[in-house]
Visitor: 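Here it is: the structure, laid out below.
The figures that follow rest on heavy atoms only: side chains count, while hydrogens, waters and symmetry mates do not.
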Amino acid sequence: MAQLCLGCMRENNGEQICPYCKFDRASEQPAPFLPLGTILQEQRYLVGKKIDNNAEGARYIGYDNFMHSPVIIHEFMPAGICGRAKGKTNVVIRGGYEEKYKALTENFLEYYRTVARMRELSAIAPIYDIFSENGAAYTVEESFDYIPFTEYIERRGGSIDWNTARPLFMPLLTTLSSIHMAGIGHYGISPENLLVTSSGKLRLTGFAIKDIRETGDFFEPELFDGCAALEQYQKGSRIDEATDVYGFTATLFYALTGRLPENSNERKPDGKLPIPTAVFKRLPPHVVTALAGGLQVMQVNRIQTFEKLQAQLSSAPVVKAIQTEATRSAIQSEVAQNYVPKKKNGIPGFVWAILSVMLCLLILLVAGIIWLQNNSFESLFNPPAEESSQVSEEDSNDDPNLIQIPNLVGQNYNDLIAKQNVNSDYKIIKANEEIFSDKYKEGEIVSQSPEYGVSAEKGVTIVVTVSKGLANRELPAISGNSVQTAVKALSDQGFIATGNYVSSDTVEAGKVIGYENYNAGDLAPYGSKITISISTGPENS
């Protein structure tokens with residue numbers, strides 16, 4: 001294996017000081033963190049330098065020996081409950097906390113399994129492996145080129161305008177809506193937990209179990225000043241989707257103004273949100289309204305869901321109509337106040353009013369008699385079915401606020417999401433659980449609600465159920481391939497690859513011999529771990 005720097009996982013020819021990241025090869029990882037060079041998951045992952053840590057655990061730069069690429073390894077090691085001796089890998093549980101540690105570990109694994117199932121969402125880094133080892137739980141996610149969001153804002157002059165922020169933040173908003181539909185939240189949305197990829201997309205990091213993001217009896221919570229909602233500082237308060245709405249809106253406020261809102265505890269007395277005049281003038285009115293609604297200090301007064309926040313951030317025509325109506329009303333009010341009626345000579349005004357009403361009644365009476373002469377009285381109660389249907393259909397087609405629900409069944413969910421924009425007549429959201437299907441390929445839509453052909457108001461949300469494909473998949477032929485090619489082939493079919501190194505007189509070192517417990521063409525359950533045998537060459541070499 002090439003000599004890798006354990007600080008950045010780049011090949012550096014064994015240099016004492018890495019020329020890329022300046023990491024010293026002689027460095028040691030302090031306890032209770034994993035020693036540098038630790039190997040996890042049957043020789044697959046190499047552990048490098050610790051990136052950061054909090055009350056939940058630590059994140060390390062790592063390397064996937066099968067995929068030959070850097071990764072981020074997240075270790076669950078809750079503070080105050082467990083620890084590790086220097087140079088050791090096994091976790092030691094504090095006496096009397098065994099059950100607490102077990103319950104928290106199960107929460108951690110369940111939480112990240114849910115996150116991992118949403119790997120198709122563009123605004124989060126995909127998690128592709130979850131396992132337990134050394135008495136601890138781990139997740140593995142891909143590593144990618146990025147810059148911190150705070151640095152991105154600094155490079156743009158300290159803030160960005162709405163036209164720049166909208167395409168950045170809208171995919172994140174949709175992602176957060178899907179996360180909450182799956183029954184979990186983030187509760188730490190802030191500029192510190194956002195990255196900007198080399199392609200200019202936002203990625204949300206810093207996921208953590210709920211216990212870390214609320215004030216309780218056990219953990220010191222990890223809260224981000226300016227972005228944490230008031231309820232997160234209050235012991236025993238409920239945190240929910242509105243809590244994440246606050247964090248998202250605070251981060252958007254930072255992007256547009258260059259500074260974070262005041263701490264929600266300090267804003268509590270009046271809840272006002274001071275916006276610089278210069279910023280206020282260049283923001284669309286509907287964006288200002290959404291910022292104010294999403295940053296309400298009191299949870300009950302805040303925008304409650306990301307769906308409603310998205311509607312407000314996309315409601316420019318509605319706001320414009322309201323402003324036009326308000327202007328018209330103001331003009332009419334001013335005209336009414338300045339209007340001085342002229343005095344009439346002759347018949348008093350109230351007499352003219354009575355005569356006008358009587359004339360209208362006479363006209364209506366005559367019209368009614370004429371209509372009855374040409375139409376049967378019965379038709380008032382039993383209109384012809386065909387005419388009734390025709391009018392209803394025409395009314396539906398003429399109403400600019402109604403659309404006919406399109407047929408999404410059989411289409412690829414990711415393709416539809418990629419094409420959808422904030423101005424679409426409808427919004428697509430995936431149901432919490434995917435299902436196996438013999439009819440529809442993985443990623444294709446199996447069913448939808450509302451159903452195809454139904455009339456609905458513009459802006460309607462269509463909930464779709466997505467196929468996981470076949471429950472049992474065929475194992476591809478991998479003998480003689482490189483490890484990277486074999487792992488990718490298995491991953492494409494929905495399997496998780498693990499490996500054992502064995503000697504072979506017929507297969508060159510580094511190549512795949514075959515499956516340990518299967519043959520190519522066998523069927524195996526989707527998502528199962530498949531062990532492959534990797535050659536180390538002849539036994540005597």
Visitor: Evaluate the criterion salt bridge (charged side-chain N to carboxylate O under 4.0 Å, His left out) for residue pair Arg203 and Glu142; output intermediate values, then yes/no.
Guide: CA-CA 12 Å; Arg203 283 273 180 94; Glu142 69 176 21; 3.5 Å; yes
Visitor: Can you tell me if CD on Glu451 sees more than 12 non-hydrogen neighbours from other groups inside 6.0 Å?
Guide: no
Visitor: Looking only at non-hydrogen atoms, find the nearest pair between Phe495 and Ala524 and report the distance.
Guide: CE2-O, 3.5 Å
Visitor: Can you tell me if NZ on Lys441 sees more than 12 non-hydrogen neighbours from other groups inside 6.0 Å?
Guide: no
Visitor: Look at the rings of Tyr128 and Tyr45 and say which category their plane angle falls in: under 30° parallel, 30 to 60° tilted, over 60° perpendicular.
Guide: tilted
Visitor: Look at Asp415 together with Lys419 and state whether they make a salt bridge at an N to O cut-off of under 4.0 Å.
Guide: no
Visitor: Does a donor on one side chain sit under 3.5 Å from an acceptor on the other, for Ser159 and Thr257?
Guide: no
Visitor: On the 0 to 90° scale, with breaks at 30° and 60°, tag the His74-Phe108 ring pair as parallel, tilted or perpendicular.
Guide: perpendicular
Visitor: At their closest point, which heavy atom of Gln41 faces which heavy atom of Glu133, and how far apart are they?
Guide: N-OE1, 2.7 Å
Visitor: Testing the basics here: between Ala182 and Met118, what is the closest heavy-atom pair and its distance to 0.1 Å?
Guide: CB-SD, 4.0 Å
Visitor: Within a reach of under 6.0 Å around NZ of Lys529, are more than 12 heavy atoms found that belong to other residues, nucleotides or ligands?
Guide: yes
Visitor: Please determine whether the number of non-hydrogen atoms from other residues, nucleotides or ligands lying under 6.0 Å from atom OH of Tyr146 exceeds 12.
Guide: no
Visitor: Looking just at side-chain N and O atoms, do Tyr515 and Asp522 make a donor-acceptor pair shorter than 3.5 Å?
Guide: no
Visitor: Identify the residue among Gln299, Glu214, Glu231 that makes a side chain to side chain contact (heavy atoms under 4.5 Å, CB included) with Arg238.
Guide: Gln299
Visitor: Apply the side chain to side chain donor-acceptor pair (under 3.5 Å) test between Arg59 and each candidate in Asn54, Thr205, Asp52, Asn53; give the one that qualifies.
Guide: Asp52
Visitor: Indicate whether the side chain of Glu307 and that of Thr305 have a donor and an acceptor atom separated by less than 3.5 Å.
Guide: no
Visitor: What's the shortest heavy-atom distance between Gln296 and Asn301, and which atoms?
Guide: CG-O, 3.5 Å
Visitor: Closest heavy-atom contact between Phe76 and Ala136?
Guide: O-CB, 3.9 Å
Visitor: Taking all atoms of both residues into account, what is the closest heavy-atom pair of Arg119 and Glu442, and its distance?
Guide: NH2-OE2, 4.1 Å
Visitor: What orientation do Tyr111 and Phe207 show, parallel under 30°, tilted 30 to 60°, or perpendicular over 60°?
Guide: tilted
